[in-house]
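Indexing begins at 1, ligand by ligand and atom by atom, following the structure's order.
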Amino acid sequence: MPEPDSGSRSGARAKSGAEGRAATEAATGAEIGAEPPGPFRVRPIATRRGPDPKQDRSARTRLLVLTAAAELFTARGFRHTSVQEVADRVGMTKGAVYFHYPTKEALAVAVVEQHYARWPLLLAGVAAEGHGPLETAERLLAGAALAFREDVVVQAGARLQVERPQIEAELPIPYLDWTELLTGLLTRAEALGELRAGVRPRVAARSLVAAFFGAQHISDVLRERADIVERWAETAELLFRAIRAD
Ligand code: LUB
């Protein structure tokens, strides 16, 4: 017995809080508000940590330093970025930066973690629109392409992942979380009859991740990702036509 459709495909209106949460839970099978919906079990840096303004200030400073580091890592890469340059960019002393991030490696890990912390937020937004799982997957990747063009923390995380061999730190493992997330959505799509016969959810998920990685990397090298949205849209159109049931 196929699962009830988690959202009408006829241009469902954006759903409110409880409905939105229900739609997100339906699309991802994860409970919102608890631990970030898996995969991507990383939390965004919260700048409001509670009643203590000192903590808020510290969280805001961490975010400021992290964003400055992301700008430099994106432009110059890990090896050619110094903590002194990060400190200069935010008008702090190197010691003050080390207070928040004890090493340049710790900064790189934090930037990559915040790269992945973007995706549960994007997922919650797309899922709340109430589309079916296949359309949710398509809109999620389109949203990711936009983030790769616009968001310096996303761009820095991608560059640092490519430079993993040069970074002596435990960076989050790339690609696997996206593969898990897309496999989950495509498995639900299969249950709803949205997939073309013979398409295996995990194979399709790995193919989408490989294609997206390639599209964003080529766009980065050739155009600093200025055309990533268009390049991904043309690839996605082709791949989802192959995946979607007629
Ligand atoms: C994604 C990149 C670039 C996968 O998951 C990742 O780590 C990714 C950066 O490392 O593409 C495709 C959605």
Using a 3.5 Å distance criterion without hydrogens, assess whether the side chain of Thr179 forms a donor-acceptor pair with backbone atoms of Tyr175.
yes

Is there any protein N/O under 3.5 Å from an N/O of ligand 1, and what does the full list of such pairs look like?
unit_1, atom_1, unit_2, atom_2, d
ligand 1, 5 (O), Tyr175, N, 3.1
ligand 1, 7 (O), Tyr116, OH, 2.5
ligand 1, 7 (O), Tyr175, N, 3.2

Could you tell me whether Arg89 and Glu85 make a salt bridge, using a distance below 4.0 angstrom between a side-chain N and a carboxylate O?
no

Just by distance, no angles: are the side chains of Gln216 and Asp220 close enough, under 3.5 Å, to form a donor-acceptor pair?
no

Tell me whether the NZ or CZ atom of Arg62 lies within the 45° cone about the ring axis of Tyr101 and under 6.0 Å from its centre.
yes

Under the rule for side chain to side chain contact (heavy atoms under 4.5 Å, CB included), what residues qualify as partners of Gln166, not counting sequence neighbours?
Arg79, Glu163

Judged by atom type as modelled, is there a donor-acceptor pair below 3.5 Å linking the side chain of Glu194 to the main-chain atoms of Ile243?
no

